[in-house]
Each structure stands twice: as C-alpha cells, then as structure tokens.
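Chain A is the first sequence line, chain B the second, and so forth, proteins listed ahead of strands; every chain is numbered from 1. Quick note: numbers below take in every heavy atom, side chains included, and nothing from hydrogens, waters or symmetry partners.
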Amino acid sequence: MIKKFFSNTLFIKLSIGFATLIFLFAGYFISKLLFDLSVFSEFIFNFFLERFSYNLAYLASSIIGALGIISFVGLVLLIGSWVERRVIARFQIRVGPNRVGPFGLLQPLADAIKLMQKEVLVPDIADKLLFLIPPVAIFLPAILAWGPIPWGPNMSYLDINVGILYVFAVSSLTVPIIFFAGWSSMNHYALLGSMRTVAMMVSYEIPVSLSLLSVALVTGTLNFNEIVMWQSNNSIWLGLFIPFALFTFFFASTAEINRTPNDIAEAESEIVAGYHIEYSGMKAGLFMAVELGNAVLLGALISSLFLNGWFLFGIENLVPPYIIFITKTVFIYLLLIWLRATFPRFRLDQLMNFAWKTLIPASIIHFFVVAIEVSIISNFSEIPYLIVLFTVINISLVVLLAYLWGKIFHVQQYQPEKIQPRFAASIGGLEAMKEVSSID
Amino acid sequence: MIVEQYVRVLILVILAIAFPLLPLAGSYLFSKINYRPANSNEIKSSIYECGVEAADITWRQFNAKYFLYALGFVIFDVEVIFLFPWAVIHTEQAFSILIKVAIFVIVLAFGLFYAWRWRALEWQQ
Amino acid sequence: MIEVNIYNAAFLLFSMITLLSAIGVAVINSLMRSLFLLIISFIGVASLFVLLSADFIAIAQLLIYAGSISILLLFAVMLTPEVSINNQNSKYFLFAALTGILFTYIMFLFISIFDINQLTGLSLDKLNFSNTIDKIGTLLLGKYIIAFELASILLLFALIGAISIVRSNESDFNIVATKIKGKK
C-alpha cells in the first residue's frame with residue numbers, strides 16, 4: 001500500500017509542487033536579502049575609508065565592481081554557449097548536448113578544457129607579433145562596453161555623462177583589431193574575410209550612431225541612468241516611442257557583432273572561416289567567446305536604452321531590479337538565437353546596398369522627424385498626452401513603411417494553408433519533434 | 001569629479017586584458033606538463049589553403065572602393081560627433097537651432113546623394 | 001617645478017605611452033606594425049584628454065582617430081601592397097628630422113608660457129565644471145556656428161574628392177552621364 005503510494009504519479013507531482021514552493025520562498029527571501037548588490041561595494045568602501053584614505057577606499061570598491069562585471073561576463077560565456085546550442089537544437093529537431101553533467105550543463109567547461117589541450121599553431125610566414133595580440137585585445141571592447149550599463153538603481157559601474165558615446169567609441173575599436181587578426185595571418189581567405197568584415201562593420205556603424213543620436217535627442221542626455229529614469233518618468237519605453245531607432249539599432253548591431261542575418265565574417269561557404277581561420281586551439285575559442293559575449297552585451301544595451309532597463313510596471317519593488325534587467329537581456333539574446341535558427345545569410349553586396357541606400361538615408365530623415373517631435377513636445381508642454389500621440393504616429397508610420405517596403409520588393413504574404421511542412425511530415429519530422437521534447 | 005570615474009575604466013582595462021590571458025595561460029601550462037601536443041612541423045605551420053599550397057603572395061592590392069567606404073564612414077562619424085552636443089541641448093532650445101543643424105546635415109546628405117548618383121555606392125558594377 | 005601628485009604621475013605614464021608609440025611609428029619598418037602603434041598613440045592622447053577632464057573630447061578622439069581614421073589609413077595601406085611588407089628608408093630623412101626638431105622647439109616655447117600644475121583636471125573641478133558636453137553644444141551652435149557649418153562643407157569636399165578618385169575609368173563615367181541625359 002505504502003509502496004504503491006510512493007510510485008503514484010500524484011505523489012511525484014505533489015512533491016515537485018512542494019519543492020517548487022520551497023524554492024520560490026527561499027528565492028524570495030534570498031532576493032530580499034540581496035535586493036541591492038551595491039551594498040557590497042559600499043561596505044568595502046566604508047571599511048577602507050575608516051581605516052585608510054579616501055583614494056584607497058574608492059579604488060577597492062571599484063575593483064569589487066569590476067570583478068563583479070568580469071565574473072558576470074565569464075558566467076555568461078560559460079552558460080550562454082550551452083543555452084545557444086540547446087535552443088538551436090530544439091529548432092532543428094535535435095536534442096543538443098546532453099551527456100556532460102545534468103542536462104549537458106557542463107558541456108561548455110568540457111569544451112574549454114578541450115580547446116586548451118589543442119595544439120597552438122602559428123603560421124611560419126605570419127607577422128608573429130601582430131598575430132598574437134588580437135585574440136587578447138578583442139576582449140577589451142567587449143568588456144569595457146559593460147561599464148556604464150545600469151544594472152539597477154545605484155548599481156552602474158561607470159556613471160559618466162558621455163555613456164552612449166563611450167560605449168559606441170569603445171566598441172568601434174573592434175574593427176582595427178579584426179583587421180589586424182586577418183592581415184597578420186598571411187592567408188588569402190583571412191585577409192579577404194577581414195577586408196569584407198571591416199567594410200561591412202564600418203558601413204553599419206553609421207546607422208548605429210544615428211539611432212543612438214535619436215535616443216539622445218529624445219532624452220536630452222547621454223547618461224545611461226538618466227535615460228532609464230527618463231523612460232520611467234514619462235512612463236513610456238523608448239522602443240515604443242521611436243520604434244525605427246530600435247529596429248535600426250538591432251539590425252545594424254547584428255552586423256556589428258557578426259550574428260546571423262549578417263554574419264559575413266564567417267561565411268564558411270565563401271571564405272572558410274573569415275578572419276580567424278589561422279587561429280587554433282584556445283585562441284580560436286577566444287574569438288568565438290567574444291562573439292557570444294557581444295550578443296549578450298547587445299541584449300543589455302537594448303534593454304537599458306529601449307526597454308526601460310530595470311523597470312517593469314512596479315515589479316522592480318518586489319524582485320531585485322538586476323534580475324529584471326538580466327531577464328530582459330536574456331530575452332533579447334533568445335531573440336538573437338531565434339534569428340540565427342530562422343534566417344539565411346545575406347549576401348555582402350545586398351548588405352552594403354541596404355546600409356548605404358536604405359538605412360543611412362532613412363536614419364537621417366528619422367532623426368529629423370524625431371527632432372521636430374521633441375521640439376513640439378518641449379514647446380507645448382501644457383498639452384497632455386502629446387508623447388502618446390507621437391508614439392501612435394511613429395508606430396503606425398513604421399508599420400506603413402514596412403508594408404510599402406515589402407510592396408516594392410514584392411515580398412509575398414505568408415499563406416499558412418499553402419505552406420505546409422509536407423516533407424518533414426512525410427519523414428516523421430513532426431512526431432520526432434514531439435519525442436525530442438520529451439527527452440530531458 | 002570627471003577623472004574619478006575614468007580610474008574605473010583603467011581598472012576594467014587591466015582586468016579585461018587579464019581575463020583572456022587566463023585560458024591562454026592554462027593552455028601554456030598544459031604544454032609544460034606535456035599534456036598538450038606542441039610539435040609543429042613544416043606542413044602544420046604553413047597557411048591553410050584547403051589542401052593545396054598557397055599560390056601567390058597574400059598582400060596584394062585591393063580595390064580603391066574600400067577606401068571610399070572608409071572615407072564615407074569617417075565623414076559620417078565626424079558628422080555624428082558634431083551632432084551629439086546638439087542632441088543633448090536640443091530639448092532646451094527652440095526651432096531656430098533646428099534650422100542651423102538642418103543646413104549642416106543637408107550639405108552632407110547632398111554628398112551622399114552625389115555618391116549615389118555617380119554609382120559610387122554600388123558594391124559590384 | 002612639477003608637483004609630485006597622482007595626476008602628474010598619470011600624466012607622465014600616458015604621455016610616455018603616447019610618445020614612445022609615436023616614435024615607434026616613425027622608426028619601425030613594417031607599415032602595419034607602425035599603424036598598430038599609431039592606434040595606441042591615439043588612445044594615449046585620449047587618456048591625456050581625460051586627465052584634463054575633457055571627457056567628450058577624449059571620446060571624440062577615441063571614436064574619430066582610433067576608430068575611424070585608423071581604418072582609413074589601413075585601407076590606404078592596402079592600396080600599396082609592396083610598401084606594407086618592407087618600408088624603405090626615406091631619402092627625406094634629414095628634412096623630416098629638421099622639421100621635427102623645429103616643431104618641438106616651437107611647442108616648447110608655447111608650453112613654457114603656461115604653468116603645468118594649472119593644466120590638470122583638478123583646476124576644472126575647482127570650478128564645479130561637471131558636464132562638458134552641454135557647454136560644447138551651446139558654444140558650437142551659438143558662438144562658433146560659422147565653423148560648424150564650414151565643417152560640413154569641408155566634409156562634403158572630402159567625399160566628392162574620394163568619389164572622383166574611385167571612379168575608375170572614363171567609360172563608366174560616360175555611361176552614367178548618358179543615362180542622366182536620356183532621362184532629361
């Protein structure tokens with residue numbers, strides 16, 4: 001009787017529910033305890049201030065903050081590759097890595113150890129000095145750009161007045177590093193790949209900067225904290241107020257960080273692996289790690305600039321704000337993975353034409369429109385709901401433009417009754433998907 | 001204090017250089033305890049060319065079109081850096097300042113239009 | 001005399017980075033390596049601007065020189081493939097050295113006018129000068145509006161010049177010209 005009870009599925013479900021409840025309660029109390037992580041650096045600051053000088057206290061609290069950022073990036077690099085492989089596997093009706101550790105969670109660690117054991121090859125005719133610098137130097141922009149990100153109230157590492165420009169300037173340093181990586185390899189494919197990549201990244205930096213310009217126009221500041229506060233004060237997300245800037249920033253940034261619709265850098269069917277073809281072992285691994293870190297950085301930038309950062313309809317008073325911020329970041333990262341699983345790669349000439357003939361002229365016109373709207377709002381501040389009105393106008397304009405753009409290029413409407421996964425159904429693909437989702 | 005914040009940038013620079021050096025140091029240690037192969041030979045250290053030997057010198061002359069794109073990038077970058085101070089003070093100002101900026105941008109937009117008209121923006125002709 | 005404080009120590013460090021890499025640019029034979037050192041030199045100049053509390057100028061230096069002008073120079077070097085491998089010694093070495101010495105002398109004359117201890121971020125902090133970008137914007141669109149508009153014309157001329165370099169052959173030019181005429 002007792003044995004029968006324990007083997008009952010109801011018992012298992014009850015125990016799982018009970019464990020979830022305990023987990024939630026524990027999570028709630030821990031999150032109450034760690035509601036504001038800045039208390040750590042403040043504690044260190046006061047500890048040193050009482051015993052030593054102000055400068056040393058400032059230095060110590062800064063080092064704590066920097067270590068926090070570095071450890072978050074390291075954690076992201078470890079977990080992110082697992083997330084990406086698992087999610088893409090589900091898109092392709094596979095299981096993904098599930099052998100090393102529970103749910104394959106230790107797979108990235110195993111990969112890192114494998115890469116460390118691999119032989120490091122340096123081509124004989126390469127420029128040895130310049131060949132060794134890029135895999136290390138490419139981490140500089142990727143980590144420095146995390147500086148002014150606001151994790152929560154009173155929780156940004158750098159509180160500088162030129163925050164947006166700082167991120168933009170620091171991340172533009174990636175371009176020469178990529179060029180040096182390709183050039184010093186002394187390989188035809190690598191040089192060709194780096195030239196192509198640099199030409200494309202350079203073209204897409206202009207739309208990025210113009211979309212950041214419209215963010216600065218609306219908020220009147222370049223400080224990340226003040227941008228987030230502006231959005232909560234006016235109770236509107238910038239992504240809704242200027243949706244075209246969000247689209248431009250998102251699309252052009254995928255070109256900047258070499259993610260899938262625009263990953264010209266590693267067009268493996270054309271130029272083998274692009275600029276990092278000659279790098280082997282851990283050095284190649286570092287290039288891949290930077291790509292992943294940049295994807296998460298893009299998520300963080302979008303969620304703080306366009307998605308109101310750590311605010312979420314009052315939930316920020318219940319849950320630690322940094323948890324909300326990281327959730328939004330992960331959401332954008334999952335969107336990037338979805339894009340990677342869905343879209344084929346654009347051709348280089350298509351991308352260059354799109355940048356110079358569509359995105360740049362459209363962005364120039366767009367920031368003028370935004371400037372006029374902002375002047376109207378600031379000059380007629382006695383009229384209520386002017387922001388809401390312009391939000392509706394902007395969104396409908398973007399929808400209209402997308403519709404017209406599709407008309408010009410004869411994009412066909414999606415017709416679900418005509419497009420059926422007949423091939424996948426005939427070989428049992430859909431059943432296989434159901435089975436795959438039951439594993440693990 | 002403006003400079004105080006940038007001390008933090010310096011700390012982050014040092015840590016950002018140290019961070020990728022850690023796995024590289026691990027890789028180096030593996031070679032020290034003879035756990036990682038480190039016997040390079042002539043074929044291994046030649047450049048990768050899909051199985052055939054590299055035919056020509058790599059550093060050849062590239063198309064001047066790349067230079068044009070780079071110059072266009074520099075020009076628009078300078079434009080944007082001029083426009084950011086305007087963007088910050090714009091909300092406090094009236095429409096008159098918008099006209100000044102409009103002249104600035106229209107002159108540059110004419111340059112873009114000129115390049116477009118003379119087919120300088122075509123990647124392949 | 002120069003005081004011993006943390007500002008001057010940092011100034012010494014960053015100016016040494018800037019100057020040593022700038023000397024390396026002139027001395028090293030490989031053009032790509034000297035370009036790499038040039039980028040480091042630009043970053044050193046940007047950090048010197050930070051020491052002067054001019055954060056916007058520092059970011060502009062980083063963005064325009066280290067991020068854009070360097071790309072322009074890289075692509076310019078890729079137009080001259082032989083030179084990039086082994087850069088021969090210039091025959092104008094003497095003139096270059098003389099010009100350099102003269103320029104350094106003039107710069108020293110200028111610097112000796114000022115008190116170096118006044119030229120740090122500390123003196124700006126005493127004035128409660130917290131945000132530079134607002135003041136730059138007000139001045140650029142107010143007092144210096146002519147320079148602001150002339151800058152755009154300068155940039156336009158640079159773009160048109162580059163287009164006329166790239167327009168590879170005359171026949172291509174003619175095809176477009178006839179097309180435009182035909183439309184009219």
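Within the 4.5 angstrom heavy-atom criterion, no atom of L29(B) approaches chain A. With a threshold of 4.5 angstrom between heavy atoms, F73(B) approaches chain A through its backbone and through its side chain. Looking at F84(B), the atoms closer than 4.5 Å to chain A (heavy atoms on both sides) sit in the backbone and in the side chain alike. Only the side chain of L112(B) comes within contact range of chain A, with at least one heavy atom under 4.5 Å from a heavy atom of that chain. When heavy atoms are compared at a cutoff of 4.5 Å, A115(B) does not approach chain A at all. Heavy-atom distances place both the backbone and the side chain of L15(B) under 4.5 Å from chain A.
Judged purely by distance below 3.5 Å, without hydrogens or angles, the side chains of E278(A) and S185(A) never pair a donor atom with an acceptor atom.
Counting heavy-atom pairs under 4.5 Å between each of V215(A), D124(A), V170(A) and chain B puts D124(A) at the top.
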Check your understanding: ring pair (Phe, Tyr, Trp, His ring centres under 6.0 Å) between Y69(B) and W356(A): does it pass, once the steps are laid out?
Key -> CA-CA 10 Å; Y69(B) 279 104; W356(A) 286 93; 5.5 Å; yes
**Study point:** From CA spacing to verdict: ring pair (Phe, Tyr, Trp, His ring centres under 6.0 Å), F354(A), F346(A)
**Key:** CA-CA 10 Å; F354(A) 185 67; F346(A) 286 115; 7.5 Å; no
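Relative orientation of the Y114(B) and F110(B) rings is tilted, given thresholds of 30° and 60° on the angle between their planes.
Interatomic distance, L115(A) CG to K283(A) NZ, rounded to the nearest 0.5 Å: 13.0 Å.
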